[in-house]
Amino acid sequence: YAFAGCSSLTNAVIPDSVTEIGSNAFYGCSALRTLVLRADTVCALSNKNAFDNTPYALYSIGSNGNVYVPENLIVEYQNATNWSSLYSGGSGHCQFVAIEGSEYE
């Protein structure tokens, strides 16, 4: 529940020292649309409920969120446990975008 209920939180930059996002970490962050994961390995997502009641949640029709990650890890995130559920083969609400060339580089 690290950021749970922060309804004004629009983006979060996770430092490269973080290796896992815990259950309900962003629960209820209804304005969250940008997540930046800087680690050079996939940051584990312990449970997809970390994003319940956010634009990343599968039931949030018409909204989504971008997750900026190193370009060489995009496919790994798309297939990683729990991240893959949010991504849903590109039809989910979680889209992985390369940090390189973005404002978050």
Side-chain angles (χ1 to χ4, degrees):
Y1 292 93
F3 300 98
C6 294
S7 59
S8 298
L9 182 67
T10 59
N11 62 54
V13 178
I14 308 300
D16 58 5
S17 59
V18 174
T19 59
E20 182 173 358
I21 295 175
S23 295
N24 297 301
F26 293 96
Y27 179 88
C29 295
S30 55
L32 183 65
R33 294 215 180 266
T34 303
L35 183 65
V36 181
L37 301 173
R38 296 201 175 276
D40 58 2
T41 59
V42 172
C43 181
L45 181 59
S46 66
N47 194 312
K48 63 185 177 185
N49 72 4
F51 295 99
D52 279 358
N53 294 322
T54 72
Y56 293 88
L58 293 176
Y59 54 82
S60 298
I61 296 177
S63 59
N64 60 25
N66 288 323
V67 181
Y68 288 83
V69 299
E71 186 173 27
N72 65 319
L73 296 178
I74 289 176
V75 173
E76 287 185 56
Y77 272 103
Q78 291 170 343
N79 295 308
T81 302
N82 294 323
W83 287 113
S84 63
S85 298
L86 297 176
Y87 175 69
S88 294
S91 62
H93 294 284
C94 173
Q95 300 301 316
F96 296 100
V97 180
I99 289 176
E100 296 84 359
S102 76
E103 64 187 287
Y104 303 105
E105 185 170 29

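Throughout, numbering of the chain's residues begins at 1 and tracks the sequence. Heavy-atom basis, side chains included; hydrogens, waters and symmetry copies ignored.
With values rounded to the nearest 0.5 angstrom, Leu86 atom CG is found 10.5 Å from Gln95 atom CD. Here the CD1 atom belonging to Ile14 is positioned 11.5 Å from the OG1 atom belonging to Thr19, to the nearest 0.5 angstrom. The distance from the OG atom of Ser85 to the CG atom of Asn49 is 11.5 Å, given to the nearest 0.5 Å. Rounding to the nearest 0.5 Å places CD of Glu103 at 8.0 Å from CG of Asn11. Separation of atoms CZ (Phe51) and CG (Asn24) is listed at 11.0 Å; rounding is to 0.5 Å. Taken from CG in Leu35 to CD1 in Ile21, the straight-line distance is 5.0 Å, to the nearest 0.5 Å.
The two residues Ala50 and Leu45 come nearest to each other via the heavy atoms CB-CD1, 3.7 Å. In terms of heavy-atom proximity, Val67 sits nearest to Leu37 at CG1-CD1, 3.7 Å. Scanning all heavy atoms of the two residues, the minimum distance from Trp83 to Cys94 falls at CE3-SG, 4.3 Å. For the pair Tyr27 and Asn53, the tightest heavy-atom approach, listed with the atom from each and the gap, is OH-ND2, 2.7 Å. Contact record, Cys43 with Tyr77: N-OH, 2.8 Å, taken as the closest heavy-atom pair. The minimum heavy-atom distance linking Thr54 with Phe26 is given by the pair CG2-O, 3.2 Å.
Below 30°, between 30° and 60°, or above 60°: for Tyr87 and Phe96 the angle between ring planes is between 30° and 60°, a tilted geometry.
The neighbour count for Glu100 CD, taken as heavy atoms of other residues, nucleotides or ligands under 6.0 Å away, is above 12.
Both Ile99 and Val13 belong to a single network of hydrophobic side chains, linked directly or stepwise wherever heavy atoms of I, L, V, M, F, W or Y lie under 4.5 Å apart. Placement of Ile74 and Tyr56 within a single hydrophobic cluster is found when ILVMFWY residues are connected by side-chain heavy-atom separations under 4.5 Å, directly or transitively. Cluster membership check: Val69 does not share its hydrophobic cluster with Val97, using side-chain heavy-atom separations under 4.5 Å among Ile, Leu, Val, Met, Phe, Trp and Tyr. Leu9 and Val18 fall within a single hydrophobic cluster, where Ile, Leu, Val, Met, Phe, Trp and Tyr are joined by side-chain heavy atoms under 4.5 Å apart, directly or via other members.
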Determine, stepwise, if the pair Tyr104 / Arg38 fulfils side chain to side chain contact (heavy atoms under 4.5 Å, CB included). CA-CA 9 Å; Tyr104 303 105; Arg38 296 201 175 276; 4.2 Å; yes

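Not one N or O on the side chain of Thr10 forms a donor-acceptor pair closer than 3.5 Å with the backbone of Ala31.
Other residues sharing the hydrophobic cluster of Val75, ordered by chain and number and joined by side-chain separations under 4.5 Å: none, the residue standing alone.
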